[in-house]
Amino acid sequence: MSVPIESIVILGAFVGFISGVFGVGGGFLTTPLLIFMGIPAPVAVGTQSCQLVASGIGGVMGYWRRGNVDFLIGSVMLIGGLIGSSIGMIFFRVLQYIGQIDLVISLLYIVLLGSIGLMMLFEGFFTILKPKSVRSEFNRLKSPRLIAKLPYKMRFARSKLYISVLVPGGIGMFSGFLVSVMGVGGGFFLVPAMIYILGMPTLLVAGTSLYQIIFTSAFSVIMHAMISQTVDFVLAFYLIAGGVIGVKFGVMVSRRITGARARVILALMVLAVCLQLGIKLFIEPSNLFEVVVQ
Amino acid sequence: MRRNLKPVPYKAVGTVLFVFLMALLGTGQALAKSKVLSIELAFDHIDVTSGFSGAQIEVFGHRRDKYTDVAIVVTGPEKNITVWRKARILGAWINRYAVRFRKMPLYYGYAVGDGEVFNDKQLMKSSGIGLDSLIAGKAELKNPSINATNHEQALISSMQAEHVYPVEPLKINYINDYFFRTHFLLPANAPTGTYKIRSFLFKEGKLAETDIDTLKVEQVGLNAFIYGAAHKHEALYGIFCVVLALISGWFVGILRIRP
């Protein structure tokens, strides 16, 4: 793999900038951009989970200080996350063996980025057109009856919830699966799931999801290192270093951009990456053969 | 009895015998190491540092018979390689047909003299010299309907593009009738491990002698440490990555909280 260090640092800075401006993790952009740069998809995923640990700890510190982390529900989600991460690892290994890992990673990213991008685009447009409307209505959906019927209920005092452990466990499991297979923290999935399915107080959601992501991604890094040897620490280090610079500038810029407009810009960027991945899949490659050393 | 017979010069007989025995012994020794060809590596060890931009494998040799032909083959560490051919499925290009090649060297180089014998493709193939012989019989089809020729070609050209397989054989440079030298370029991306240097001697159109020598290519320095850790102590490496990520993340967190 011969990608210049400078471009890795610049990529890290760019994603850090995005995450500073928009307050997102940015993992969903890093992996596809690494793939565009010519890093093999499995290495991009393995390395990205290493970077997630760093950005997760950096983010959670602020929430922890303000006491906005529910460690109990986070730990239940974490148990699910570790199970999901292990399932994801097996899935990853099987796909590697049958030679379809690159394809599946690309497809999952196309679906993921496509849906996030479109949702953000519409949401952003509606907010620009009709300010102050939609938000309040969505705030809390009633938990579906099915969820209320599930066994193994547990009281989560910090979140003021009395709910079956299977629900946060299941949500954690899916996010763990995403970490292992795609190298994304899954914040885009966790945050809405915790608000709408669990009904957690919004204040606690960001910190708690980050707390869970740190451990599932740390587990995923170790598993990737042990099973498929696809963690490149040097690469991760340059990404993290670039990220530090980027976040600083991002936060500065974020004070000058209004929320909805920023989301539209981010949505367009996400859709562009999605489109690029799609085109790559459908255009006849110049070399029809792929050589994989095992 | 004739008394003028000179006494037998025992001493002289002894000397002759001694010389004769020595000569016999000498022939014996010569028989024991009757090899016509001998080669020597300039270095039996190559260190790959983080700034490694390639190295040379220098081979010197001597043949005792100038009416022979010499070839040298260098092979790197071996691994299994799978070659996929993409096909269009529902509009998308997807890895479809796999051919597995068992124990392919990740580096291959060969040098030949300019004898007629090297044009004998059959002989070269059976002796194990050249890319044809390297790939022959290595393909393991997962699906018997595939023609492996394209996969073989793809594998070779991919390795050639990485400069780890040669496009053309190198030349053996004869310094005089008996001494020769040649050197192989090991590119920066050459794998580390044990390399085999095999030498071949052809006489009258037949393979007469072969010999084998080894060379260690090892990484040294920080990169080597990381590489070695990643492949030998996987769990430790993973934990090391996590710890370093935690430390750098902590640092980022402090930076973020301060303003």
Side-chain angles (χ1 to χ4, degrees), chain A residues 1-2 16 20 47 49-62 64-65 97-100 102-103 106-107 214 217-219 221-227 229 231-234 236-237 240-241 243-244 247-248 251-252 278 280-285 287-294, chain B residues 79-101 104 106 150-151 153-155 157-159 161-162 188-189 191 222-223 226 229-231 233-257 259:
Chain A
M1 161 176 43
S2 55
T47 304
S49 15
C50 192
Q51 203 251 331
L52 278 178
V53 176
S55 63
I57 196 100
V60 88
M61 279 165 71
W64 190 5
R65 267 187 190 199
Y97 185 73
I98 59 172
Q100 305 302 345
D102 291 54
L103 170 76
S106 293
L107 279 179
I214 293 171
S217 21
F219 177 71
V221 168
I222 296 170
M223 294 305 273
H224 275 297
M226 283 176 70
I227 297 173
Q229 278 117 43
V231 182
D232 185 333
F233 179 72
V234 179
F237 182 78
I240 296 167
V244 176
V247 166
K248 275 247 158 196
V251 172
M252 271 156 60
K280 231 183 148 191
L281 207 55
F282 286 96
I283 283 183
E284 181 170 352
N287 183 4
L288 281 176
F289 291 92
E290 191 182 326
V291 176
V292 184
V293 177
Q294 280 159 341
Chain B
K79 282 219 165 160
N80 295 339
I81 296 180
T82 307
V83 178
W84 293 89
R85 187 190 182 282
K86 289 189 194 320
R88 187 162 234 174
I89 296 168
L90 297 173
W93 288 90
I94 290 168
N95 284 346
R96 183 79 175 82
Y97 306 105
V99 175
R100 203 162 122 109
F101 295 89
M104 292 298 289
L106 300 182
N150 290 334
H151 286 77
Q153 251 325 303
L155 172 59
S157 45
S158 150
M159 299 300 255
E162 307 251 329
N189 55 335
L222 181 66
N223 267 10
I226 293 174
H231 288 83
H233 314 283
E234 298 99 338
L236 218 63
Y237 174 77
I239 293 165
F240 171 76
C241 287
V242 169
V243 169
L244 276 169
L246 285 176
I247 293 168
S248 41
W250 192 269
F251 182 66
V252 176
I254 289 168
L255 279 184
R256 216 184 273 180
I257 289 168

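Quick note on labels: first sequence line is chain A, next is B, and so on, each numbered from 1. Not measured: the values here are computed from a predicted model.
- Closest of all the heavy-atom pairs between B:Tyr237 and A:Ala225 is CD2-CB, 4.0 Å.
- For B:Leu106, the part sitting under 4.5 Å from any heavy atom of chain A is the side chain, from C-beta outward, and nothing else.
- Top candidate by heavy-atom pairs under 4.5 Å with chain B, chosen from A:Asn287, A:Ile227, A:Ile283, is A:Ile283.
- Annotation: the span from A:Phe289 atom CZ to B:Lys86 atom NZ amounts to 11.0 Å, rounded to 0.5 Å.
- Chain A forms more heavy-atom pairs under 4.5 Å with one residue of B:Gly238, B:Ala98, B:Ser157 than with any other, namely B:Gly238.
- A pairwise comparison of heavy atoms in A:Val221 and B:Cys241 identifies CG1-CB, 3.9 Å as the closest pair.
- Taken from CD in A:Glu284 to CZ in B:Arg88, the straight-line distance is 6.5 Å, to the nearest 0.5 Å.
- Interatomic distance, B:Leu244 CG to A:Phe237 CZ, rounded to the nearest 0.5 Å: 8.0 Å.
- Of the two parts of B:Ser158, only the side chain, counted from C-beta on, holds a non-hydrogen atom closer than 4.5 Å to a non-hydrogen atom of chain A.
- Counting only N and O atoms by type, the side chains of B:Asn95 and A:Gln100 include no donor and acceptor under 3.5 Å apart.
- Taking each heavy atom of B:Ala245 and A:Ile57 in turn, the nearest pair found is O-CG2, 4.4 Å.
- Between atom CG of residue A:Leu288 and atom OH of residue B:Tyr97 there is a gap of 11.5 Å, rounded to the nearest 0.5 Å.
- Shortest non-hydrogen contact noted between B:Leu246 and A:Ile214 is CD2-CG2, 4.3 Å.
- If you measure heavy-atom distances from A:Gln51 to chain B, you find no contacts under 4.5 Å at all.
- Taking CH2 of B:Trp84 as the start and CD1 of A:Ile98 as the end, the distance is 7.0 Å to the nearest 0.5 Å.
- When heavy atoms are compared at a cutoff of 4.5 Å, A:Leu281 approaches chain B by way of both its backbone and its side chain.
- Proximity to chain B is absent for every atom of A:Ala236, based on heavy atoms less than 4.5 angstrom apart.
- Atom CH2 of A:Trp64 sits in a sparse spot, with 12 or fewer heavy atoms from other residues, nucleotides or ligands closer than 6.0 Å.
- Atom CD1 of B:Ile94 is separated from atom CD of A:Glu290 by 12.5 Å, given to the nearest 0.5 angstrom.
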